[in-house]
Amino acid sequence: MQDTLANLKRGERAIIKDVSSVHIPLKLLEMGCLPGNSVELVQLAPFQDPMYLNINGSHLAIRKETAIHILIEKAVHE
């Protein structure tokens, strides 16, 4: 089973592996939500939605219903 952005825990880092562009708004792609970019979960809003992320230095919030369509590879702790 593939890991998705929706499965990240606070403080975890990952690399975006694939983005299902059918389900991802163009604005997120323009803001750097692209394969190869690093992503970190900064914070979760109350009730765990939306997710506040740092993607290559850009901060953005996305809903979990969108995050499940973004495949990631979790970073190994250093």
Side-chain angles (χ1 to χ4, degrees):
M1 182 174 181
Q2 295 274 343
D3 258 341
T4 68
L5 196 52
N7 297 333
L8 269 186
K9 306 281 187 269
R10 188 173 178 192
E12 281 188 320
R13 295 176 185 266
I15 301 295
I16 297 173
K17 287 295 171 192
D18 191 27
V19 178
S20 174
S21 59
V22 173
H23 296 98
I24 305 298
L26 181 59
K27 186 170 188 162
L28 283 181
L29 298 173
E30 291 172 346
M31 295 180 77
C33 195
L34 296 167
N37 285 348
S38 64
V39 59
E40 176 186 6
L41 178 58
V42 178
Q43 190 170 355
L44 287 169
F47 305 112
Q48 311 305 306
D49 199 13
M51 305 172 74
Y52 183 58
L53 305 166
N54 178 349
I55 300 179
N56 276 5
S58 296
H59 290 211
L60 46 121
I62 66 170
R63 302 195 64 96
K64 281 208 174 188
E65 63 191 42
T66 303
I68 63 172
H69 299 289
I70 301 172
L71 300 178
I72 59 167
E73 183 178 302
K74 289 185 180 178
V76 178
H77 294 290
E78 298 170 6

Checklist outcome for this item: Between N37 and G32 the two heavy atoms that sit nearest each other are ND2-O, 2.5 Å
Checklist outcome for this item: Rounded to the nearest 0.5 Å, the CG atom of L71 sits from the CG atom of N7 at a distance of 10.0 Å
Checklist entry - CG of L28 to CG of L53: how many Å apart, nearest 0.5 Å? => result 9.0 Å
Checklist entry - Taking the side chain from R10 and the backbone from V42, do they hold a donor-acceptor pair closer than 3.5 Å? => result yes
Checklist entry - Roughly how far apart are I15 CD1 and E73 CD, rounded to 0.5 Å? => result 8.0 Å
Checklist entry - Tell me, which pairs form a ring pair (Phe, Tyr, Trp, His ring centres under 6.0 Å) where one or both residues lie in residues 55-75, sequence neighbours left out? => result H23-H69, Y52-H59
Checklist entry - Taking all non-hydrogen atoms of both residues, which atom of E40 and which atom of G11 are closest, and how far apart? => result OE2-O, 4.0 Å
Checklist entry - Do the side chains of I62 and L29 join up, straight or via other hydrophobic residues, at under 4.5 Å, putting them in one cluster? => result yes
Checklist entry - Roughly how far apart are I55 CD1 and I70 CD1, rounded to 0.5 Å? => result 6.5 Å
Checklist entry - What residues form a side chain to side chain contact (heavy atoms under 4.5 Å, CB included) with S58, not counting sequence neighbours? => result L60
Checklist outcome for this item: All heavy atoms of I68 vs all of E65, minimum pair found to be CG1-O, 3.4 Å
Item to check | Separation between CE of M31 and CG of N56, rounded to the nearest 0.5 Å | outcome: 12.0 Å
Item to check | Validation row: E12, L41 side chains within 4.5 angstrom (heavy atoms) | outcome: no
Next on the checklist: I'd like to check K74 versus L8 (side-chain heavy atoms, cut-off strictly below 4.5 Å). Are they in contact?
Outcome noted: yes
Item to check | Minimal non-hydrogen separation, L5 against M51, with atom names | outcome: O-CE, 3.2 Å
Checklist entry - How many angstroms lie between CG in D3 and CD1 in I72, if you round to the nearest 0.5 Å? => result 5.0 Å
